[in-house]
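First comes the structure, then the notes that go with it.
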Amino acid sequence: MPELPEVEITKKTLQKHVVDQTIQDLQIKNRNLRYKIDIEFKNKVVKKKIVNISRRSKYLVFLLSDGNYFIIHLGMSGRLLIANKKQKKFLDTSFYASHPAIKKHNHVYFLFKKKILIYNDTRRFGFIKYYNSKEFLNCQHLINLGVEPLSSECNFAQLSQKIKKYNKSIKNVLMDQTCIAGLGNIYVNEALFLSKIHPERNSLRVDAPELKKLLQAIKDILKKSIRLGGSTIKDFHNSEGKIGSFQNYFKVYGRENEKCTRSRCGGMIKKITIGGRASFFCNICQQ
DNA sequence: TTCTTTGTTCCGGA
DNA sequence: GTCCGGAACAAAGA
């Protein structure tokens, strides 16, 4: 579930609580995430201070005081939660009350002086990987990623050149992390609706005005979602247990058989599968 | 019981 | 070699 806005929210919350804090201890309850956590991981990070947390696409990048790194990907259901060490409870206590089974999926605990950072992941599709400063430059997860959609490098001139290299549906191009990095199924569906482009249209047949519109839609949607704390479907919470509200503004995602929200369109939201993923679009205004 | 859902990687066919 | 589509992966709720 977490796409770029949700990872961005997670980053901001974590920055507030654990940057400049030293990892005093690490407890691994379950090493079997998408990739098995390195048995040496604990020895490599304990006693190191987290000096920076940044985001690249859907990855969180932690820089340690010795110049080495670890990255965390939340997969589909991963979360990073902040707990108060002394009281042994989450900052927002209502969080546990509404999610009683959650503790079962707490896999890793990072212990700081006053706080605990918990990696929780129901489906265990996320992962944590350590890289020394030299290896990090060659990190296979990060090296092939496309442009950050909210950066100035993500502009019409560059995108119109790049898109010529793909011969597949525009939806699959947007889902392809080597083109634009960080978009997932929800935001791609929404962006294509806003720019009135059918998801199955070959990307080579998206003309210049449409591409401009699409680019603007992507940026607008991501910014709006970040402003609203991300989307909370299938229970995304930020690291303090708070929920986002962008899901209330979805125009097509999950709206199969509803009327198009464009007042004079008269179309119907259809659902098809593209690249194995649910795709929602209006049968009239997205051509 | 089977289907759906999510992001990424891997594999086979063109 | 390259590109693209689809399967696989885990787990839970409908």
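Just so we're on the same page: letters track the sequence lines, and every chain starts at 1.
Summarising the geometry, the separation between CD1 on A/Ile274 and C1' on C/dG6 is reported as 14 Å, rounded to the nearest angstrom. Rounded to an integer number of Å, the gap from A/Glu6 CD to B/dT5 P is 18 Å. At whole-Å resolution of the value, CZ in A/Phe280 and C1' in B/dT5 are 10 Å apart. If you measure from atom OH of A/Tyr35 to atom C1' of C/dA10, you get 14 Å, rounded to the nearest angstrom. Distance A/Tyr253 OH to B/dT4 P: 13 Å, rounded to the nearest Å. If you take NZ of A/Lys171 and C1' of C/dG5, they are 14 Å apart, rounded to a whole angstrom. Per the geometry, CG belonging to A/Leu74 stands 22 Å off P belonging to C/dC9, to the nearest Å. When rounded to the nearest whole Å, the span between NZ of A/Lys58 and C1' of B/dG7 equals 6 Å.
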What protein N or O atoms touch nucleotides 2-4 of chain C N or O atoms at under 3.5 angstrom, if any, and at what distances?
residue	atom	partner	partner atom	Å
C/dC4	OP1	A/Asn167	N	2.5
C/dC4	OP1	A/Asn167	O	3.4

Distances for protein N or O near nucleotides 11-14 of chain B N or O, under 3.5 Å:
none

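One cannot find a donor-acceptor pair under 3.5 Å joining the base of B/dT9 and the side-chain atoms of A/Arg34.
For residues 192-224 of chain A, the pairs satisfying ring pair (Phe, Tyr, Trp, His ring centres under 6.0 Å) are A/His198-A/Phe281, with sequence neighbours left out. Screening residues 183-205 of chain A for salt bridge (Lys or Arg N to Asp or Glu O under 4.0 Å), with sequence neighbours left out, gives A/Arg201-A/Glu210. Residue pairs meeting the salt bridge (Lys or Arg N to Asp or Glu O under 4.0 Å) criterion with at least one member in residues 258-282 of chain A, sequence neighbours excluded, are A/Arg255-A/Glu258.
Taking the six-membered ring wherever Trp is involved, the centroid distance between the rings of A/Phe280 and A/Phe250 does not fall below 6.0 Å.
Counting non-hydrogen atoms under 4.0 angstrom, A/Phe127 reaches nothing in the nucleic acid. Within 4.0 Å (heavy atoms only), A/Gly184 reaches sugar-phosphate atoms of the nucleic acid but no base atom.
Of the listed nucleotides (B/dT5, B/dG7, B/dT8), B/dT8 has the atom at the smallest distance from the side chain of A/His141. Comparing B/dT4, C/dA12, B/dT9 by their nearest atom to the side chain of A/Thr122 picks out C/dA12. Proximity note for A/Phe125 (side chain, C-beta onward) versus B/dT5, C/dA12, B/dG7: the nearest is B/dG7.
Contact check, A/His105 against C/dA12: a side-chain N or O comes under 4.0 Å of OP1 or OP2. One finds a side-chain N or O of A/His73 lying less than 4.0 angstrom from the OP1 or OP2 phosphate oxygen of B/dT8. When the side-chain nitrogen and oxygen atoms of A/Gln177 are compared with OP1 and OP2 of B/dG7, none of them lie within a distance under 4.0 Å.
For A/Gln161 (side chain) and A/Gln158 (main-chain N/O), no donor-acceptor pair under 3.5 Å exists by modelled atom type.
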Would you give me the side-chain donor-acceptor pairs under 3.5 Å for residues 176-184 of chain A, sequence neighbours excluded?
residue	atom	partner	partner atom	Å
A/Asp176	OD1	A/Thr178	N	2.9
A/Asp176	OD1	A/Thr178	OG1	2.7
A/Asp176	OD2	A/Lys168	NZ	3.1
A/Gln177	OE1	A/Ser57	OG	3.4
A/Gln177	OE1	A/Gly182	N	2.8
A/Gln177	NE2	A/Met175	O	3.0
A/Gln177	NE2	A/Leu183	O	3.0
A/Thr178	OG1	A/Tyr166	OH	3.1

### Task
Assess whether side chain to side chain donor-acceptor pair (under 3.5 Å) is satisfied between A/Asn189 and A/Lys251, documenting all intermediate values.
CA-CA 9 Å; A/Asn189 272 294; A/Lys251 290 193 166 30; over 6 Å; no

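Heavy atoms from other residues, nucleotides or ligands lying under 6.0 Å from NZ of A/Lys36 number 12 at most. The neighbour count for A/Lys49 NZ, taken as heavy atoms of other residues, nucleotides or ligands under 6.0 Å away, does not exceed 12.
By the 4.0 Å N-to-carboxylate-O rule, A/Arg56 lies close enough to A/Glu148 to be salt-bridged with it.
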